Structure formats: structure tokens, C-alpha cells
Novice: 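Here it is: the structure, laid out below.
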Amino acid sequence: MPRPGDGAGNDEVKDGVSERGGYPVERKKMTQWMMRITAYAERLLQGLNDIDWSEALKEMQRNWIGKSLGATVRFGITPRGESLPNSTDFLAVFTTRVDTIFGVTYLAIAPEHELIPQLTTPDQQAAVAEYVTMARNRSERDRMSDVKTVSGVFTGSYVTNPLTDERVPVWIADYVLAGYGTGVVMGVPSSDDRDYRFAQHFGLPIVCVIEGTEGLDNPCEIKYGKLVNSGFLNGLDWQEAIRKAIARAEELGVGTGKTNYRLRDAVFSRQRYWGEPVPVYFKDKVPYPVDESKLPLVLPEIDKYLPTETGEPPLGRAEGWKYHPTPPSPASGEGLKEKSFSDAGESSKEKSSPEAGEDSGGVYDYELSTMPGWAGSSWYWYRYMDADNDQEFAAREAIDYWRDVDLYIGGSEHATGHLLYSRFWNHFLYDLGLVVEKEPFKKLINQGMIQGVSEKIFKVGASETPEDESEKNAVYYVDSANAIPRKMHILEDVGEVFVSAEVVEKGYPSKVAERHVDVSLVRDSELDIARFTEYRSDYTQAAFVCEGGYWKSGIFTPFGNGGSDKFRTKAEIEKMSKSKFNVVNPDDVIERYGADTLRLYEMFLGPLEQSKPWNTNGIDGSFKFLRKLWRLFYDEQGHWLVTDEAPPAEGLKTLHRTIRKVEEDVERYAFNTTVSTFMICVNELGALKCHQRTILQDLVIILSPYAPHVAEELWHQLGNPASVTFAAYPPFRAEYLTEESFEYPISINGKVRAKITFSLDTTPAEIEKSVLASEGVQKWLEGKSPKKVIIVPKKIVNVVV
RNA sequence: GCGGAUGUGGCGGAACUGGUAGACGUGCCAGACUUAGGAUCUGGUGCCGCAAGGCGUGGGGGUUCGAUUCCCUCCAUCCGUACCA
């Protein structure tokens, strides 16, 4: 997690604060190592088509990469009687909707745009300077949280629309982001909501170019259609118009088709201690890679894990941590400055000058920043393939054998972080020829999150503003007869007032604030006041208002309205988090029921992908199941029940039905139904009083991945010396499941009215005959003959009347 | 706004390619054994109705002999994301 003082990438900043930790983020210029993930943007996008991941996750990555197809068009800067200093005579605009170019009524540029000084006319100088300063001082956070306010300023200059030859004004607006596209937006108020708001606010003209938008209150309601008022684009469908507009722009030499990505390069430096040191040293401020013979570079010891006084990262504290190059090593010492990483898919032809860092002595400073967490997490699975290899990250044979990850089960919170970086690294390693698969994770399942159930109480007057004194010690109750809240008691010496959730729901006149309470203090939505005040000694003098009275110092004072004396909490489902006091520790469950029960219960809760609140109601079911299983082996007095008799047909049928179902379920990751299958199996074997070794031994094997501890124990009790994990999985045998007859549900007009059993060799004609003759069906026919009889073998009979 | 997902008993959920809706578990009701039980066992339990029967998978419509499942439409909830031009 980043801490104050760390560097963070764009992707690690959210709403102006660090995504993890929530620290305020400040823009600061510093030299950073970056990973050029943008070079892989297109391949990372295309690769998504080849992997079996959830659509939600793929979509998140697609959005993050943010590919947009569009065009850059150059708007000529109208001479205003003086020449521009930099001979720049146009403003380039990136747009995904060139087709609407006839609707452009202004251009908006980012407040950071470098041409602002040249574009500003003398009479607008003051206004522009003021606006730019204001926009700059607004923090990232303000700019993001306040998206509704329209602001901007006119530069005084005009540009010429190259496709229409129209003159349009240039404005500065902070809704334009300097970092995206060219930092210039062509304002089309009739087709873009932001442009529309901007034009409305500043009274700029609005020209409708999409058929059917003229006369609408807000023309942006229709964004796609045929073009109108658009010269040579008139009558074309918008997509066709884009092609034609680009062609025309290219022909005139005023623009080109262009692809843009939202994805940014990733900052790879961290100004903290714990992380892999970057194997780079500096000579005359130029970075050089550390010679391979000196790798791995190990973190030096330091006295304090804090930045140095001069603001250097913690590694700056290491005494004598310097690089001493090994004498002559022809391969080493290429200046990194000279060496450029090749673009994706191309190999670098550039060679740096060999003598750059070739030194045989001297002492140099190391890079002081360390690598981020994803330096390791982006490729670790290759180490699993060959964990003991200390020569390379994994031997070629190991990689050829294991190739990629068959199934990755992970949370969707890693969608645009770890899971994107890993794909990026893997593509890079693939390009270097070091790995054999382009995509690292063939299939990915997002497991649902186990959420917490938070309990909240309501505190009166907990807002920042000082409360009205007369309200401070007042207690209200709801008169149940007319449901009007009444002010009844003024309490003496009351520290705080808390109000039961049911009272708040019915309307409590004072301002109340929600506060989390530890879930262990709540049972069935009732707060244990005694334990709460014990745990929070600052609340010993607090009053707890319930429907029928209030508690204070352990004494209940009734209101006389017959209401409850229970203090209710409000339950809410949230992420489990210490700050929400809703964390439950599985250790408690294990302590009480054992790890197998917990494991089974978690699987039994529901589908793997679904999030659900942690609720131990029903955990007894899993526990009882394991005890029933045990009782197939031992009776209540602890006598061994297993026999070596030949297994009965019914028992074999149960066993093999279970084997089949468990196999099917594991294929579709439906562990919840697997557990219920085991429950059915044990219930049936119990009813059959089935204690034959042949059956129980196979059951133990198929159960062992799901309840490993008890399975292992029973396996040994059965007299097997080796672990059950080495036992051969029992093959499914269909012959035990053969049936001679089937009980047909007989439905009349789609409603099941009767059931009749037929042997499987009964012909449909015979079935129809006896069904129609049967009492149950005759009753519904009321003498009429049926319109139609549908017989689906081994499924259903439907009689249409 | 955009994108993704999910809606079934009191609760968690099952029903895999259209074929007995509610498996399994929990909860609840009744009973057995018990001095007792957070133990065990048996029976019942979608809703309305004394019953016959009717109604039921978020709402409305459609396809079909038959729809939780397929199509259209609307609603609700959750997650992600956003001045991205």
C-alpha cells in the first residue's frame, strides 16, 4: 500500500486520492521509471478475445484501455495581424465524431495548453490569466468531484474549420483534459452533452447536424443518424460520414484518421524500502544497468524505514551501498539512456555506443527507488513451474510443459491492476521468446466476495455543527396511538443519546448520525448495551432510547406507552473491514466446528461467483452432515460398523449416482450442489443402513477433496496406510443405475395431475392408451376426447383437452 | 450517463440442452427419547382455501402441447466506470 511520500501512477489515483490508503495526491515532477504498457494497448485489447474470462472483467479492461477510433483535424489559426512566434499555425483536434464537423461552433482547449499565450488577444489577457490561474489551483479532486459547473474563458482568437471554412472562436475550458487526445476539443453543442452545456452557458450558437434533432429541447438526445446541414456529408449515415470526412481531410492535407487509447504508461518506481531494488547505477547522471554477475541486487540494511532528511527514498540511508563495477566486461555497461525498448512486436535495431559505461573501477550511486508490488505479481506463476531454479526464472522445459495457468480464481478488484499488468508482462516475455503462451491466464473465474454484515446505531447530535442546547438532552418517544413523536424527558447528566433503529425509522425529530458497532455486541438486531458501555467507557453516562423507554446506567425508565425495551440496531451489508467492526474470524468457526465444516459450508453457501454476506445460520447443517457420515462407520457407542459383505444394489446405485453428479459439478465449478449431493448420498446410505466397505471406501475417496481431514481419518480407520490423496478415483459405472421403469408425470394442459409408472419398454401407443383410460385423466376429460397427447419418453406425458 | 451482473418459499439456494418449480440446508410446527439439551430420531412445512380447487419463479406482453429456462418491454438491486472529446 502506498504511504505518504510514495509515487503513484495514474491508475493508482482515484478521485484525487490514492486508491489504496486514501491519501491526498499531489502532482510533483520527479524522475521515474515507467513501464511502457501503452505500446501493448492494442494487443492487450485483442488478446481479450482469446481468453475465457467473465464478460464483466473483460469489459473493465476494454474500458481501461479505452480505445477510440477517430481523426485528428487541424484548425488553422486565423492571422490576427501579427505573426505567431513559433510558426505554429494550427490547432489539432482529436475527435471520434468527425461527421459532426459542420456542427462545430467553437473550439475548447485545456487550461494547460501551451499555445494559450499566443492565442490570447491583448484585451482578453487579464480574463485569461485569471481563469488559467483559477483552473490550475483547483486541485484534481475539486475538478473531478465538481463536474456540473461550467466554466471557461474566450481567448479572443478564431480558427478556421478546414472542412467548412467557417471561423470559430477558441475558448479555454477546464472540462478539456490536457492529457487526453490533443488537449483540444471541437465544440459540437448539438451532439455532445458537455459541449451543449458549455454553449448554453456562454450563449454560443448551436447547429444541428443530425436528422431529427432540430427543434428538440436538447439535440444531444439523438446522437446517431443521417447528417443534415453538413455540406458534402448531407444525407449520409453517421458512420459513412466519418469515413468520407476523414477521406476529405486527408485529401486536403488537414487531418488524418487516428486511434487513441486512454491507457497510460505505468510508473514503476516506489519511494519506499520494501520492494526489489532497481538494478541500475548512475554515472554522470546517466543510468546504466548493473552487470548481470552482480545480480540479484539485495536490499541493504538501513537504520530507519523512512525517507532521508533530503527527501531521498529510504535506500538513501544505506551506508556504503554503492556500485563497484567489475573490471572489463564487454557485454555490460550499455547506457540505458541510449537503449530504447522496442515497440510491441518489433525488435530494436538500435545499438548503443559500447564505451558508454565501460569502466573498470570507480564507485557509483545506485538507483534509490524500489519496485512496486506488481514487479513480482506480474509473473510469479512461472516461478511455481520451476521453484528451485536459481539460474533462470524457469527452465525452458518447465515452461514448455506447464505453459500457462489453466484456471485462475481471483477477485475482480484486480481487473485493471494486477490482471492487466500480468497480461502485459506476459506479452513482453513472449516477445522476448522466454515464454510460450501469449496470454497467461486461459480461464478466469471471479469468486464472489464474502461480505460483512455491519450493525449500526444512531447517535443524536453527532453532526459537526453544535446542536441546539435544548435538543441536547431531550428524548423523544413515539406515541403509538397517533404516531406523533413527543418530547418527553429532559435527562440530567446525559453524555450522549443513542436511539433505537426502530424509533428512528418511525421518525425521530433530532438529527442522528449512524455509527458502526462491533458485530459481536449484537444479537438478532439487539444491542447488548451493558457490554457496549463496558467496551466504550466514554459512553457509561449515555442514554439508549428504545420504543417504550430508555436505558441509562443499566436502569430502564419506561415511557408508559407499552413499547419495547429492546435497543435495535440497523443491519447493513458491506465489505468486511476493521473500520466497520464487521469482521468475523473464521478461526472461531474452526475452533467450534472444525476446518472441514467451514470448508463445506463455504462451498454450500451458493455459486462460486456470487457475493454474499457471511452468515453462519445453517452452518450446523454441514456439521451434522459430517457427523452422519461418521455414523456410517461408528455407532453411537463407538463400535466399528464397517463390514466386508458384498454391497447391495441400492447402495451401489446411490454411490454411483453420487460419483456421476460430483464429476459433473466439478466441471462447472458448482461446488454448492456437490455438497448437497454428498448430503443426499449420506442420508440415503444411512437409511439403507449401508456399512459395506466397498461403498464407504469409494465414498471417502470422492469426498476427500471436499472434507479432507475427516476423509483422511476415515481412510486410515479403514486400514489404509497411505494418504487418501494417493488413492485411485473410483470410476463411474453406469450399469448400477439402470432402471426398468419410469414414473411419468401426467399433465393435463401443462399442469401435472397424476403419476403413472410404466416399464421402459412400453410403447408410446400403449402409454397413451392406459393414460387416457386412467381414472385421474378421465376425471379431467369430462367425457370429451383429447385434442392431442404428447409423450416424451422418460420425461413427461401431456394431454391437451 | 455508459458498461456488466442479479431478481425463485421466512432465509441461503436447486432445477445443466424448454418437460413434475422449490432438491439440499436452515428456520418454523408437531411428535418420540430424555432430569435436561445448542444432542439424536420421525413426520409436516410455497401462498390462499374447511375442502374441491385456485394462484405462484421482479411486473406486463409474446412464442409453445408445455416457459424459472426462449423473445419483446418495463421495474428494482448490486458491482465497475466516467468531463476520454
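Each chain gets a letter, A, B and so on, in the order the sequences are listed, and its residues count up from 1. Just so you know, these numbers come straight off a predicted model, no measurement behind them.
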Novice: Are A/Val73 and A/Pro162 side-chain neighbours, meaning at least one heavy-atom pair lies under 4.5 Å?
Specialist: yes

Novice: If we take the C1' atom in both B/rU26 and B/rU77, what is their distance in whole Å?
Specialist: 24 Å

Novice: Could you check how far CG of A/Asn63 sits from C1' of B/rC79, rounded to whole Å?
Specialist: 13 Å

Novice: Which dot-bracket notation, 5' to 3', represents the base pairing of RNA chain B when pairs are defined as Watson-Crick or G-U with both distances under 3.5 Å, crossing pairs as [ ], and inter-strand pairs as |?
Specialist: (((((((..(((......[....)))((((((.......))))))(((....)))..(((((..]....))))))))))))....

Novice: Kindly state which residues belonging to residues 65-72 of chain A come within less than 4.0 angstrom of RNA chain B, counting heavy atoms of the residue only, listed by number.
Specialist: none

Novice: Over 60° means perpendicular and under 30° means parallel, so tell me whether A/Tyr744 and A/Phe742 are parallel, tilted or perpendicular.
Specialist: perpendicular

Novice: Does one side chain, of A/Thr72 or A/Thr256, offer a donor that lies under 3.5 Å from an acceptor on the other?
Specialist: yes

Novice: Are a donor atom and an acceptor atom from the side chains of A/Asn683 and A/Lys628 found within less than 3.5 Å of each other?
Specialist: yes

Novice: Looking at the side chain of A/Lys628, which of B/rC84, B/rA14, B/rG25 is the nearest nucleotide?
Specialist: B/rG25

Novice: Round to the nearest Å and state the distance from A/Ile748 atom CD1 to B/rG54 atom P.
Specialist: 12 Å

Novice: Calculate the interatomic distance between A/Ile445 atom CD1 and B/rA5 atom P; express it in whole Å.
Specialist: 16 Å

Novice: In whole Å, what separates the C1' atom of B/rC74 from that of B/rC24?
Specialist: 35 Å

Novice: Are the aromatic rings of A/Phe198 and A/Trp171 close, with centres under 6.0 Å apart?
Specialist: yes

Novice: Separation of A/Asp193 atom CG from B/rC84 atom C1', in whole Å?
Specialist: 14 Å

Novice: Under 4.0 Å between a side-chain N/O of A/Gln610 and OP1 or OP2 of B/rC78, yes or no?
Specialist: no

Novice: Quick check on B/rA14: is either OP1 or OP2 less than 4.0 Å from any side-chain nitrogen or oxygen of A/Asn672?
Specialist: yes

Novice: Distance check, P atoms only: B/rG9 and B/rA23, in whole angstrom units.
Specialist: 13 Å

Novice: Contact class for A/Lys787 (heavy atom, under 4.0 Å): base, sugar-phosphate, or nothing?
Specialist: nothing

Novice: Write down the distance separating the P atoms in B/rU42 and B/rC33, rounded off to the nearest Å.
Specialist: 15 Å

Novice: Could you run down the sub-3.5 Å N/O contacts of the protein with nucleotides 15-19 of chain B?
Specialist:
unit_1	atom_1	unit_2	atom_2	d
B/rA15	OP1	A/Arg668	NH1	3.4
B/rA15	OP1	A/Arg668	NH2	3.2
B/rC16	N4	A/Lys661	NZ	3.2

Novice: Would you please say whether a donor-acceptor pair under 3.5 Å links the side chains of A/Glu42 and A/Tyr261?
Specialist: yes

Novice: Output yes when A/Glu663 and A/Arg660 qualify as a salt bridge under the 4.0 Å nitrogen-oxygen rule, no when they do not.
Specialist: no

Novice: Taking only side-chain nitrogens and oxygens of A/Arg631, does any of them come within less than 4.0 Å of OP1 or OP2 of B/rC41?
Specialist: yes

Novice: Output yes when at least one side-chain N/O atom of A/Arg264 is less than 4.0 Å from OP1 or OP2 of B/rC84, else no.
Specialist: no

Novice: Taking CZ from A/Phe604 and P from B/rC11, how many angstroms apart are they, rounded to a whole number?
Specialist: 16 Å

Novice: Looking for any heavy atom pair under 4.0 Å, which part of the strands does A/Asn683 touch: base, sugar-phosphate only, or nothing?
Specialist: sugar-phosphate

Novice: Do any pairs count as a salt bridge (charged side-chain N to carboxylate O under 4.0 Å, His left out) and have a residue in residues 96-111 of chain A, sequence neighbours left out, and if so which ones?
Specialist: A/Arg97-A/Asp99

Novice: Which residue, A/Thr95 or A/Ser676, contacts RNA chain B at a nucleotide closer to its 5' end, judged by nearest heavy atom?
Specialist: A/Ser676

Novice: Start at the 5' end of RNA chain B and walk down; is the nucleotide closest to A/Leu57 or to A/Arg627 reached first?
Specialist: A/Leu57

Novice: I'd like to know if A/Lys223 and A/Asp193 make a salt bridge, using a cut-off of under 4.0 Å between side-chain N and carboxylate O.
Specialist: yes

Novice: Assess, by modelled atom type and distance only, whether the side chains of A/Ser68 and A/Tyr180 contain a donor and an acceptor separated by less than 3.5 Å.
Specialist: yes

Novice: Could you work out the separation of B/rA14 and B/rG46 based on their C1' atoms and round it to a whole Å?
Specialist: 15 Å

Novice: In whole Å, what separates the P atom of B/rU17 from that of B/rU6?
Specialist: 14 Å

Novice: Rounding to an integer number of Å, can you tell me how far A/Met60 CE sits from B/rC2 P?
Specialist: 18 Å

Novice: With the side chain of A/Pro745 defined as its heavy atoms from C-beta on, choose the nearest nucleotide among B/rG12, B/rA85, B/rU20.
Specialist: B/rU20

Novice: Quick test: give all pairs of protein nitrogen or oxygen and nucleotides 26-28 of chain B nitrogen or oxygen below 3.5 Å, distance rounded to 0.1 Å.
Specialist:
unit_1	atom_1	unit_2	atom_2	d
B/rU26	OP1	A/Lys624	NZ	3.0

Novice: Using a strict threshold of under 4.0 Å (side-chain N to carboxylate O), is an ion pair present between A/Glu684 and A/Arg657?
Specialist: yes

Novice: What nucleotide among B/rG12, B/rA85, B/rG4 has an atom nearest to a side-chain atom of A/Leu605?
Specialist: B/rG12

Novice: Do the side-chain N or O atoms of A/Arg753 get closer than 4.0 angstrom to the phosphate oxygens (OP1, OP2) of B/rA52?
Specialist: no

Novice: Given atom CZ of A/Arg194 and atom P of B/rA82, what is their separation to the nearest angstrom?
Specialist: 14 Å

Novice: Which pairs would a plain distance check flag for residues 598-608 of chain A, meaning a side-chain donor or acceptor within less than 3.5 Å of a matching protein atom at least two apart in sequence or in another chain?
Specialist:
unit_1	atom_1	unit_2	atom_2	d
A/Arg599	NE	A/Pro705	O	3.3
A/Arg599	NE	A/Tyr706	O	3.3
A/Arg599	NH2	A/Pro705	O	2.8
A/Tyr601	OH	A/Asn615	O	2.4
A/Tyr601	OH	A/Asn617	O	3.0

Novice: How far does the P atom of B/rG53 sit from the matching atom of B/rU64, given to the nearest Å?
Specialist: 29 Å

Novice: Of the options B/rU20, B/rA23, B/rC84, whose atoms approach the side-chain atoms of A/Tyr180 most closely?
Specialist: B/rC84

Novice: Does a side-chain N-to-carboxylate-O contact under 4.0 Å join A/Lys661 and A/Asp665?
Specialist: yes

Novice: For B/rG59, measure the glycosidic angle (O4'-C1'-N9-C4 for a purine, O4'-C1'-N1-C2 for a pyrimidine) and name it syn if it falls within 90° of 0, otherwise anti.
Specialist: anti

